[in-house]
Amino acid sequence: MNDNEITAPTNFIRQIIDRDQASGKHGGRVHTRFPPEPNGFLHIGHAKSICLNFGIARDYPGGMCNLRFDDTNPHKENQEYVDAIKADVRWLGFDWEQRLFYASDYFEQLHGFAVELIEKGLAYVCDLSAEETRRYRGTLTEPGMPSPYRERSPAENLDLFARMKAGEFEDGARVLRARIDMAAPNINLRDPTLYRIRHGVIHHQTGEQWCIYPMYDFTHPISDALEGITHSLCTLEFEDHRPLYDWVLDNISIDCHPQQIEFSRLNLQYTVVSKRKLTQLVSEGHVDGWDDPRMPTIAGLRRRGYTPAAIRTFCERIGVTKADNSVEMGILEACIREDLDAHAPRAMAVLDPLKVILVNYPEGVVEELQAPCHPKDEGMGSRTLKLTREIYIDRADFREEANKKYKRLVSGGEVRLRNAYVIRADQVIRDAGGEIVELRCSYDPATLGANPEGRKVRGVIHWVSASEGLPAEVRLYDRLFNNPTPDGDRTVASFLAHINPDSLRVVRTAVVEPSLAGATPGEHYQFEREGYFTPDGRSDDGRLVFNRTVTLRDSWARIEQTV
RNA sequence: UGGGGCGUCGCCAAGCGGUAAGGCACUGGGUUUUGAUCCCAGCAUUCGUAGGUUCGAAUCCUGCCGCCCCAGCCA
């Protein structure tokens with residue numbers, strides 16, 4: 001393989017499409033769709049589907065991808081979710097152009113196809129209760145029993161279905177069912193429900209126009225066909241539904257038959273990617289909302305400081321297969337570090353301040369120093385640092401004694417202040433309790449942009465002026481769960497048992513360099529030696545607030561443990 | 001014990017009968033005013049397993065084992 005060759009995304013679905021293109025299937029068209037149900041926020045698993053569907057549309061000549069809300073269950077859905085989903089898809093960098101659809105756009109047509117099935121004797125109105133229906137369905141190993149209403153005439157079914165639509169029956173009193181095979185080994189084919197009655201709900205798109213709502217298995221294939229979808233991509237759990245998808249299209253008068261292809265959903269370690277569980281985290285207050293930076297939602301990742309490019313890279317890296325998977329967080333983290341390392345301007349922030357007085361530095365002087373915003377990208381310009389007699393360094397960057405592996409400040413030792421001078425620790429000041437409260441250091445005026453002669457400094461540490469620095473609140477996030485598969489543990493009652501109590505640490509004492517005064521949400525910074533951070537508005541008392549996106553890789557952490 | 005899927009390095013994943021890509025992680029070494037980045041090197045005689053077909057099998061066939069999904073008037 002050539003060095004410069006970029007491996008284009010390849011997966012079994014694209015291979016199928018390649019073959020279809022070669023054979024002229026679908027007239028050479030490639031048309032996909034992303035069909036979320038607006039009953040929650042999009043999460044990283046949806047991002048995989050979005051990147052797959054929109055990515056295919058982008059990469060094939062004339063390819064298109066629709067955004068379609070699968071809104072057939074008004075009970076759980078609402079406009080807030082519709083709006084959030086649209087915003088998230090756009091933010092991820094994808095465009096459905098003029099093709100924004102709702103399954104509810106097709107309610108009239110769907111109804112017409114249901115009537116057609118009834119007329120053909122392929123659907124019937126069933127009066128069994130939900131409970132009875134379940135009993136009649138049989139089990140995984142035993143065939144079901146035909147409903148007593150299965151042999152109703154088309155005329156009677158037509159009449160009953162019309163009255164269902166007219167609102168004559170209560171919720172649950174009757175349903176419309178496909179008439180397929182009650183003994184089918186595939187349970188989905190045992191006369192599945194096509195329509196149910198739902199009174200008193202206001203659908204976010206159709207209001208109170210309907211009191212009967214079509215089921216997914218009936219709606220989805222028809223919606224796909226109506227939109228001219230060529231490849232209908234969905235997750236593995238729908239594999240068993242494919243015969244039904246095909247049955248619907250084979251038995252109604254429609255001239256398009258998309259191909260359903262299933263792929264495995266994403267499982268991300270140390271989190272949950274199930275809308276039900278994410279909803280529970282939000283509704284029970286375990287997190288602050290759908291956009292809590294610990295959530296694997298698109299909104300949460302955005303607020304955490306993830307970029308669309310990083311998420312897209314991630315989706316490309318994890319690939320698309322039919323194998324069950326459990327993706328390590330490390331892959332997602334590597335993607336965001338890669339993006340931010342190249343694009344985030346650098347800054348200095350001290351999270352756990354320890355005051356340092358530069359005893360030989362003049363009082364009252366504010367020295368302006370220029371520092372590059374990026375060590376490798378001069379185009380990113382520079383910012384002004386302000387050095388004063390009193391500064392802060394991080395408590396972890398000083399030790400009274402340490403072996404040679406410790407490359408920071410030690411008593412009597414020298415270290416460089418990043419982008420500034422070399423200093424030497426001369427004296428440690430303690431409070432009554434013996435805790436170190438201040439360091440007296442001397443700086444070497446000859447070391448600005450130059451190494452000291454004849455000596456070697458141990459390392460480089462970051463700092464912020466005590467008087468010129470800005471107070472800030474920094475939120476340090478960790479994994480939301482302390483178990484790699486919180487929802488796969490059958491020994492606990494609920495995945496909630498694995499919530500990490502330390503997933504959020506709020507640091508209110510941080511001080512950041514003055515150039516960050518105008519930092520705004522949506523920006524990304526690398527706080528040197530600390531990690532990547534993104535502004536998150538202001539605290540109640542007006543302090544800057546930063547969310548930690550991800551730490552820097554830290555090989556010292558490992559070394560330190562072995563010392 | 002019905003039906004549908006899946007099993008290639010710690011994780012993800014190429015491979016599609018010609019003799020195991022790549023990424024993440026990990027381990028060494030180099031550069032470095034971020035213990036970051038970057039660079040260089042190492043990291044599956046083996047593809048769930050047992051047979052078979054073949055000059056040749058991760059790729060084809062058969063058996064076995066393991067894991068996932070399905071009994072909503074959810075999607």
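Heavy-atom basis, side chains included; hydrogens, waters and symmetry copies ignored. Chain identifiers are assigned alphabetically (A, B, ...) following the order of the sequence lines, protein sequences preceding nucleic acid strands; residue numbering begins at 1 within each chain.
In textbook terms, a nucleotide whose glycosidic angle is within 90° of 0 is syn, while B:G29, being further out, is anti.
A:Tyr532 comes within 4.0 angstrom of no nucleic acid atom, judged by non-hydrogen atoms across all strands. Residue-level contact check: A:Arg346 touches the bases, meaning some heavy atom is under 4.0 Å from a base atom. Using a 4.0 Å heavy-atom criterion, one finds that A:Thr321 contacts the sugar-phosphate atoms exclusively. In this structure, A:Pro375 reaches the bases: a heavy-atom distance under 4.0 Å links it to at least one base atom across the strands shown. Across all strands, A:Lys376 comes closer than 4.0 Å to base atoms (heavy-atom distances). Residue A:Asn325 is in sugar-phosphate contact alone, with no base atom involved, counting any heavy-atom pair closer than 4.0 Å across all strands shown. Residue-level contact check: A:Arg408 touches the bases, meaning some heavy atom is under 4.0 Å from a base atom. The residue A:Lys407 sits close to a base: some heavy atom pair falls under 4.0 Å. Using a 4.0 Å heavy-atom cutoff across all strands shown, A:Val320 reaches sugar-phosphate atoms only and no base atom. Base engagement by A:Gly449 is indicated by at least one non-hydrogen atom pair under 4.0 Å involving a base atom.
Rounded to whole Å, atom C1' of B:C24 lies 12 Å from atom CD of A:Gln269. With rounding to whole Å, A:Ile559 atom CD1 is found 13 Å from B:A36 atom C1'. Put simply, CZ on A:Arg317 is 15 Å from P on B:A14, counting in whole angstrom units. One atom, CG of A:Leu244, and another, C1' of B:G4, lie 14 Å apart when rounded to the nearest Å. A straight line from CG of A:Leu189 to C1' of B:G3 spans 10 Å, rounded to a whole angstrom. Atom CZ of A:Arg14 is separated from atom P of B:A14 by 12 Å (rounded to the nearest Å). Separating the CD atom of A:Glu333 from the P atom of B:C26 is a distance of 11 Å, rounded to the nearest angstrom. Between the P atom of B:C24 and the CD atom of A:Glu328 lies a distance of 12 Å, rounded to the nearest Å.
Looking at A:Asp377 and A:Arg346, no side-chain N of the basic residue comes within less than 4.0 Å of a carboxylate O on the acidic one, giving no salt bridge.
For the C1' atoms, the distance from B:G7 to B:C47 is 10 Å, rounded to whole Å. Between the C1' atoms of B:C60 and B:C55, the separation comes to 16 Å (whole Å). Taking atom C1' on both nucleotides, B:G18 is separated from B:G35 by 48 Å, rounded to a whole Å. A gap of 15 Å separates the P atoms of B:G48 and B:A14, to the nearest Å. The gap from the C1' atom of B:A58 to that of B:A20 amounts to 8 Å, rounded to the nearest Å. Nucleotides B:A44 and B:G22, compared at atom P, are 11 Å apart to the nearest Å.
Among the nucleotides B:G23, B:U34, B:A13, the one closest to the side chain of A:Ile331 is B:G23.
A:Glu367 and A:Tyr421 share a side-chain donor-acceptor pair at under 3.5 Å.
Taking a 6.0 Å sphere around CD of A:Glu170, one finds it holds 12 or fewer heavy atoms contributed by other residues, nucleotides or ligands.
Nearest heavy atoms, A:His524 versus A:Pro345: O-CD, 3.2 Å. Taking both residues in full, the closest heavy atoms of A:Lys275 and A:Glu37 are given as NZ-O, 3.0 Å, listed atom of the first, atom of the second, then distance. The two atoms that bring A:His203 and A:Pro74 nearest to each other are CD2-CB, 3.7 Å, heavy atoms only.
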Worksheet item: Hey, mind stepping through A:Tyr195 and A:Phe161 against ring-ring contact (aromatic ring centres under 6.0 Å, His included) and telling me if it holds?
Response: CA-CA 9 Å; A:Tyr195 268 89; A:Phe161 188 50; 5.3 Å; yes
Item to complete: Starting from the C-alpha separation in whole Å, work towards a yes-or-no answer on side-chain hydrogen bond (donor to acceptor under 3.5 Å, both in side chains) for A:Ser49 and A:Asn53.
Response: CA-CA 6 Å; A:Ser49 176; A:Asn53 280 292; 3.3 Å; yes
Discussion item. The test is ring-ring contact (aromatic ring centres under 6.0 Å, His included); show your working for A:Tyr213 and A:Phe107 and say whether it passes.
Written reply: CA-CA 8 Å; A:Tyr213 288 94; A:Phe107 279 178; 5.8 Å; yes
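Residue A:Gln526 places a side-chain atom within donor-acceptor reach of the base of B:U34, judged by atom type and a 3.5 Å distance cut-off alone.
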Item to complete: If a protein heavy atom is under 4.0 Å from the base, mark B; if only from the sugar-phosphate, S; if neither, -; do that for nucleotides 67-75 of chain B going 5' to 3'.
Response: -SBBBSBSB
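Heavy-atom nearest nucleotides on RNA chain B were determined for A:Thr141 and for A:Ile461, and the one closer to the 5' end corresponds to A:Thr141. Annotation: of the two residues near RNA chain B, A:Arg553 and A:Glu142, the 5′-most nearest-nucleotide partner is A:Glu142.
Across all strands shown, B:C67 forms a Watson-Crick or G-U wobble pair, both distances under 3.5 Å, with B:G5. Base pairing analysis places B:C38 opposite B:G30; the two distances defining the Watson-Crick or G-U wobble pair are each below 3.5 Å.
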